[in-house]
Amino acid sequence: MAFIVLDNCIKCKYTDCVEVCPVDCFHEGPNFLAIDPDECIDCTLCEPECPAEAIVPEDDVPEDQLQFIELNAELARTWPVITARKDPPADAEEWDGVEGKLQYLER
């Protein structure tokens, strides 16, 4: 089982989680992070580090966000690995908690 990045990461893209990952399974896109399910070792270190609470175990993905399981796997195949924290977007706090952000995902 892997951890999954959910909808709330879109346009927030806090990167606190990537520094604690022991296997470098995070991949960075323009406004979202994805976890490679084949690399994730289910260590639980990233989940409490996410200020947007956008990371959950695969078994706990809400029913209305199940598409993010496949989306993480798909995007991780093409996006580069990220291993160091970066500053979040200037408007990240404004987007934190906004529902239905899938339409804003940039590939």
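Only this structure's heavy atoms are used, side chains among them; waters, hydrogens and symmetry mates stay out. Index from 1, following the sequence. Quick caveat: nothing in here was measured; it's all calculated off a predicted structure.
Summarising the geometry of N72 relative to I35, their closest heavy-atom pair is OD1-N, 2.9 Å, with the distance given to 0.1 Å. Shown here for C17 and V20, the closest heavy-atom pair between the two residues is O-CG2, 3.2 Å. In terms of heavy-atom proximity, D7 sits nearest to E99 at OD2-C, 4.1 Å. Scanning all heavy atoms of the two residues, the minimum distance from E58 to I4 falls at CA-CG1, 3.8 Å.
Here the SG atom belonging to C50 is positioned 9.0 Å from the OH atom belonging to Y14, to the nearest 0.5 angstrom.
For the pair R107 and L75, the minimum side-chain heavy-atom distance is below 4.5 Å. The side-chain heavy atoms of I41 and P22, taken from C-beta on, include a pair separated by under 4.5 Å. At a threshold of 4.5 Å between non-hydrogen side-chain atoms, the residues C25 and C40 count as touching. Within the 4.5 Å cutoff, the side chain of D36 has no heavy atoms near those of the F26 side chain. Put simply, the side chain of C21 does not reach to within 4.5 Å of the side chain of L45, judged on heavy atoms. Residues I10 and L105 meet the side-chain proximity criterion, which asks for heavy atoms closer than 4.5 Å. For the pair L6 and I55, the minimum side-chain heavy-atom distance is 4.5 Å or more. Taking 4.5 Å as the limit, some side-chain heavy atom of T83 sits within range of a side-chain heavy atom of V81.
Using a cut-off of 4.0 Å between Lys/Arg side-chain N and Asp/Glu carboxylate O, D16 and R85 are scored as salt-bridged.
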Stepwise, does the side-chain contact (heavy atoms from CB on, under 4.5 Å) test hold for D24 with E39? CA-CA 8 Å; D24 301 336; E39 293 293 325; over 6 Å; no
Give the intermediate values and the outcome of salt bridge (Lys or Arg N to Asp or Glu O under 4.0 Å) for residues K11 and E94. CA-CA 9 Å; K11 291 190 138 313; E94 296 171 32; over 6 Å; no
Could you walk me through whether K101 and C12 satisfy the side-chain contact (heavy atoms from CB on, under 4.5 Å) test, starting with their C-alpha distance in whole Å, then the side-chain angles of each, then the deciding distance to 0.1 Å, before giving a yes or no? CA-CA 10 Å; K101 296 193 287 184; C12 288; 3.5 Å; yes
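The closest donor-acceptor contact from the side chain of T15 to the backbone of K86 lies under 3.5 Å. No donor-acceptor pair closer than 3.5 Å links the side chain of K13 to the backbone N or O of D87. Looking at D42, its side chain never comes within 3.5 Å of a backbone N or O of A2 through a donor-acceptor pair. Although no hydrogens or angles enter the test, the distance criterion places a donor-acceptor pair under 3.5 Å between the side chain of H27 and the main chain of W79. Judged by distance alone, with hydrogens and angles left aside, the side-chain atoms of N31 form a donor-acceptor pair with the main-chain N or O of Y104 at under 3.5 Å.
Hydrophobic clustering places L33 together with V98 (ILVMFWY residues linked when any side-chain heavy atoms are closer than 4.5 Å, directly or through intermediates). Under the 4.5 Å side-chain heavy-atom criterion for ILVMFWY residues, a single connected hydrophobic cluster contains both L71 and V5.
Remark: E93 CD is loosely packed, at most 12 non-hydrogen atoms of other residues, nucleotides or ligands lying under 6.0 Å away. Within 6.0 Å of CD in E63 there are 12 or fewer heavy atoms belonging to other residues, nucleotides or ligands. By the neighbour-count criterion of 12 heavy atoms within 6.0 Å, atom CD of Q67 is densely surrounded, having more than that number from other residues, nucleotides or ligands. Around CD of E106, the count of heavy atoms belonging to other residues, nucleotides or ligands within 6.0 Å exceeds 12.
Ring geometry for F32 against F68 counts as tilted: the plane angle lies between 30° and 60°, on a 0 to 90° scale.
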